[in-house]
J.: 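Following this message is one structure expressed as structure tokens.
Here, residue 1 is the first one in the sequence, and each next residue gets the next number. Since this is a predicted model, take the numbers as computed values, not measurements.
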Amino acid sequence: FKCSYTYTKGSEGILALLADHFSVNTSSFAVQQAAVWIAEDNVTYAECGTLVSTSYGQTVRTIKEADYETAGNLVAKMKLL
């Protein structure tokens with residue numbers, strides 16, 4: 001199952017706010033991915049699971065609880081804007 005999200009200049013909504021934020025602020029891939037999942041699918045920490053990337057070989061990264069909390073706080077902040 002694949003999901004993709006597209007951001008274009010002038011877009012509105014939470015994904016656009018997150019894209020703008022991540023374009024100027026450094027966050028780990030896990031925080032960025034969790035933020036998108038939280039914003040779009042309202043996932044829980046347990047649902048985030050494991051991220052797998054094959055772009056640089058097979059690497060498995062797990063979203064840590066601290067990453068999930070950071071992402072959740074960021075999404076909550078963006079919803080207030």
J.: If you look at every heavy atom in Glu47 and Asn42, which pair is closest and at what distance?
T.: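 That closest heavy-atom pairing would be OE1-O, 4.2 Å.
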J.: Roughly how far apart are Ser28 OG and Lys64 NZ, rounded to 0.5 Å?
T.: 8.5 Å
J.: With rounding to the nearest 0.5 angstrom, report the CZ to OG distance, Phe22 to Ser27.
T.: 4.5 Å
J.: If every non-hydrogen atom of Met78 is compared with every non-hydrogen atom of Leu17, which pair is closest and at what distance?
T.: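 What the structure gives for the nearest pair is O-CD1, 3.4 Å.
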J.: Got a second to check how far Leu18's CG is from Lys77's NZ, nearest 0.5 Å?
T.: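 Here the interatomic distance stands at 11.0 Å.
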J.: Could you tell me the separation between the CD1 atom of Ile14 and the NZ atom of Lys79, rounded to the nearest 0.5 Å?
T.: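 Result: 6.5 Å between the selected atoms.
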J.: Looking at every non-hydrogen atom in both residues, tell me the closest pair between Val75 and Ala35 and how far apart they are.
T.: CG2-O, 3.5 Å
J.: What's the shortest heavy-atom distance between Asp67 and Ala30, and which atoms?
T.: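 Looks like OD2-CB, 3.7 Å.
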J.: What distance separates Gln32 CD from His21 NE2, expressed to the nearest 0.5 Å?
T.: 8.5 Å
J.: Report the distance from atom OH of Tyr68 to atom CD1 of Ile38, rounding to the nearest 0.5 Å.
T.: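 Output value for this atom pair is 4.5 Å.
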